[in-house]
Amino acid sequence: MLSGDIPPNQTIYLKNLNEKIKKEELKRSLYALFSQYGRILDVVALKTPRLRGQAWIAFSEVPAASNAVRQMQNFPFYDKPIRIQYAKTKSDCIAKADGSFVPRDKKKKQEEKAERKRRPDDAPPSAAANGTRAENGATPAPFRQGNTSAQEAAAPNNILFIENLPHETTSMMLELLFQQYPGFREVRIIEAKPGIAFVEFEDDVQSSMAMQALQGFKITPQNPMAITFAKKSSRNFTKTLSNESGKPIGCKEEMKECYVVMKRLKKDIENRDPNPNMTNPFDIFTDEIVYAILDHLHGDPFSKRSFSSVCKSFYFIESRHRRALKPLRSDLLPRTFRRYSSISHLDLSLCSLVDDNNLAAVSVAWKSTLRSINLSRSRAFSSIGLLTLVSNCSGLVEIDLSNGTELTDSAAKAIAEARNLEILRLSRCKSITDIGIGCIAITEKCLSHILQLQHLEDLILEGCHGIDDNGLSTLNHTCKSIKMINMSNCQSLSYIGLSSLTNGANSLEQLILANGPSVTSDLAKCLSQFSSLRSIKLDGCLVTCSGINSIANWSASLVELSFSKCSGLTDECLCFLAERHKELRKLDITCCRKITIASIEGITKSCTSLTSLRMESCSLVSKEAFVLIGQHCQMLEDLDVTDNEMDDEGLKAISRCSRLQSLKLGICLNMTDEGLIHVGRGCSKLKELDLYRCAGVTDRGIEAIGHGCPALEMINIAYNSKITDTSLISLSKCSSLKVLEIRGCPHISSVGLSSIAMECRQLSELDIKKCFNINDNAMHPLGKFSQNLQQINLSYCSVTDAGLLSVTRINRLRNMTILHLSGLTPNGLAAALLTCGGLTKVKLHSSFKPLLPQYIYKYMESRGCVFHWRNKAFQEEIDPKGWQLHLGRPS
DNA sequence: AGCACA
């Protein structure tokens, strides 16, 4: 019905397109969206009065066009459902390819001229009965390209040299084009030389296939590609370590060039000297040089992979250089012992099952190198394994045993054998299950063992309920080296116990006592004895004015103070405190509900070097306060004004803080795009922006951020019904983006997310829950390009089995929430789960539980994956309970 | 609603 009587055509005709979208963007998005159906030869869109809102997409095959007509019919694209039919006539690009092209009268001459210029050796196009380049692709014809003269025609090479590209060509565009051909490895563009590129294939047969298929392909009508084999050049050794401009190696782009050169070097050596023993260019480099290269890569997986393609021994050398290891499963550990000889940081937090044997093996393998170990998510070992570990690895400086619910005092005794320990983490478990929160049975009896450690600097005893005043008062010795103690949630503790514990701890710099003792003048007096104390965190403690006033009267100057949820804090106290501690850098007064603008006046007047101010939900503070902050605290790097009266005037002032890196504006209902535009102009260093439920923000504001904040790493725009794909397309310019939260944005579609997937290769966390318009079309580019994705929430999206399977191709994926996916079947789920080796946490609806074969759970669990079953019913609306009612104030 | 290749 929709395609009417029009016969199938390899070109499709699209209408009802959003006319507001600029032509170039429209074409790019169409290309991205439709290339899933096959090779696209051309996208045509015009903005003339008669032709706006329409486009033609020419595919290389009719079936591709047919699939696109069927599957993309009515797809919501920039807010409008696309209407698709076959085109009524043949596209020029196809006519040109099959020789039937007859130029239109007017421009006939120009056309012919252009045609002749492009392939002067060929017969005139109208007589080109000798077929197309695509169809007779089996024989590699000798091509003529661009400016390269005929006698220079290079010998076959697995690397292709592309010329005559439009200057705005991105490597992404070329990747989309060339990856269709088997053996594709990668595209390299040299920023300094626009218009050319190198495309690498596995061998020269494959590269010549691609060359034939794409020879003359027009990215724009003026730019038929000219493809030749890259020349094999030999450069000398010194050149291999500097780029062409002679600069020393110092950035990733240059590194890439470096390995290209190395690769050539290898080929040269092979050609010159067929002796197989002398073919590894790494033999020329000392290990130190390769180590230096590795240090430059900063663990970037893409560069590493690129380097590895130079030579197998890259990974061998890398393994000797590697210091940190985070294995996926404990059963893989024995393999790593052989390979990695000098591991100093071992993170076992992905291995849920670590037993005493594992610990013993670790302690033998890395006896002399191990300095830190993270066992915070591991179970199945006992104090015996710990003792083996610490007695073998005498260099251990840091141990993380957080969440160790089964650990007892005998474990602490074992730890005390780690004589060089500096950092010990023993935080209680928080989220192993949602119900039970265990805690470590550490008491003062074992604390004495730990405090005897001569080098201990950081001691984290959060939530160790076994510690109380009585026990502490019996300890009359103190660890002199200790710099930081965290005794948060130790509820039986008061200043009395503290004073005996810390008696003489002259090195103590930071004390964290969240949810602990009352802040009285006695406590303040006790703390004032620590001459080095610079930072105190008293979050959630009961504060008294006398306590705060005596902290204010200390002689030593504090740089960090944290009073979040200290509801007793008053303007008078805080102003006095600020006046006496003018050096304050970090202040947290989150949820201090008595605070008004008077406090902010005091703080901004006294503490002008403030770098961090957190004041979420200080609901009595009026909007003028934010103007003061912007005027006086220009050193600010971190500002949290979530759920405050911030407005555009305030943001305008705040935008003067040019060092700002983190800005949290969640639930600031009075601000609009105008304010964000100021932020985009002033805060170019911004890395983190939280706009959760900012109802006044639209695409215009987000575009300003995408444009002005290229360093952005995290953005939250959750629950914003005005945001569309336009925002995501502009955010895709932020290539460092790691965390994207767009939960509950119903107008964002696969188009927007696809452009993020393709441009933001660092993306590691993605929340698109309740983005009903996002479907499989976005999952395919995610699976293909977002190889750093570790966490995804897809609940309520229009994703089906096929989409989920694409996502689970990402082998870094750890954490997946997939509730209420309408198109997910048990079979699709099973396939997806089995595809993804690294999953450690999957949230699913309980209805799936009986539908999968039991062996799948057994298998997944044996690999360390935990299933979380949820029972919540499907919620039709995005915001079923009307959160604003809960908030208790109007929007 | 509208079928072109600047």
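Computed from a predicted model, the values in this text were never measured in an experiment. Residue numbers begin at 1 in each chain, while the letters A, B, ... track the order of the sequences.
At a non-hydrogen distance threshold of 4.0 Å, A:Glu19, A:Lys23 from residues 17-34 of chain A come into contact with DNA chain B.
Rounded to whole angstrom, the span from the CG atom of A:Leu51 across to the P atom of B:dG2 amounts to 12 Å. Rounded to whole Å, the distance from NZ on A:Lys90 to C1' on B:dA4 is 15 Å. For the pair A:Leu14 CG and B:dC5 C1', the interatomic distance rounds to 15 Å; values are reported in whole Å. Distance CZ (A:Arg52) to P (B:dA1): 15 Å, rounded to an integer number of Å. The interatomic distance linking A:Trp56 (CH2) with B:dG2 (C1') rounds to 8 Å, in whole Å. Rounding to whole angstrom units, CD1 of residue A:Ile57 and C1' of B:dC5 are separated by 14 Å. As a whole-Å value, the separation of A:Gln54 CD from B:dC5 P is 12 Å. Rounded to a whole Å, the CD atom of A:Gln10 is 21 Å from the P atom of B:dC3.
Checked against salt bridge (Lys or Arg N to Asp or Glu O under 4.0 Å), A:Lys90 has the following partners two or more places apart in sequence or in another chain: A:Asp98. For the salt bridge (Lys or Arg N to Asp or Glu O under 4.0 Å) test, no residue two or more places apart in sequence or in another chain qualifies with A:Arg52.
With DNA chain B read from its 5' end, the first of the two nearest nucleotides for A:Lys80 and A:Thr89 is the one closest to A:Lys80. Nearer to the 5' terminus of DNA chain B, by closest-nucleotide assignment, is the contact made by A:Gly53 (compared with the other of A:Gly53 and A:Ala45).
Residues A:Phe201 and A:Ser208 are not in side-chain contact: their nearest non-hydrogen atoms beyond the backbone lie 4.5 Å or more apart.
A salt bridge does not link A:Glu877 with A:Lys770: every distance from a Lys NZ or Arg NE/NH1/NH2 to an Asp or Glu carboxylate oxygen is 4.0 Å or more. Classification of A:Glu175 and A:Arg761 as a salt-bridged pair holds, one side-chain N sitting under 4.0 Å from a carboxylate O. For the pair A:Lys27 and A:Glu25, the salt-bridge criterion is not met [side-chain N within less than 4.0 Å of a carboxylate O].
Closest to the side chain of A:Gln85, from the set B:dG2, B:dA4, B:dC3, is B:dC3.
In terms of modelled atom types and a separation under 3.5 Å, the side chain of A:Lys733 and the main chain of A:His707 share no donor-acceptor contact.
Applying the 4.0 Å criterion to OP1 and OP2 of B:dA4, one finds that A:Arg50 has a side-chain N or O inside that range.
A donor and an acceptor atom sit less than 3.5 Å apart, one in the side chain of A:Ser91 and one in the base of B:dA4.
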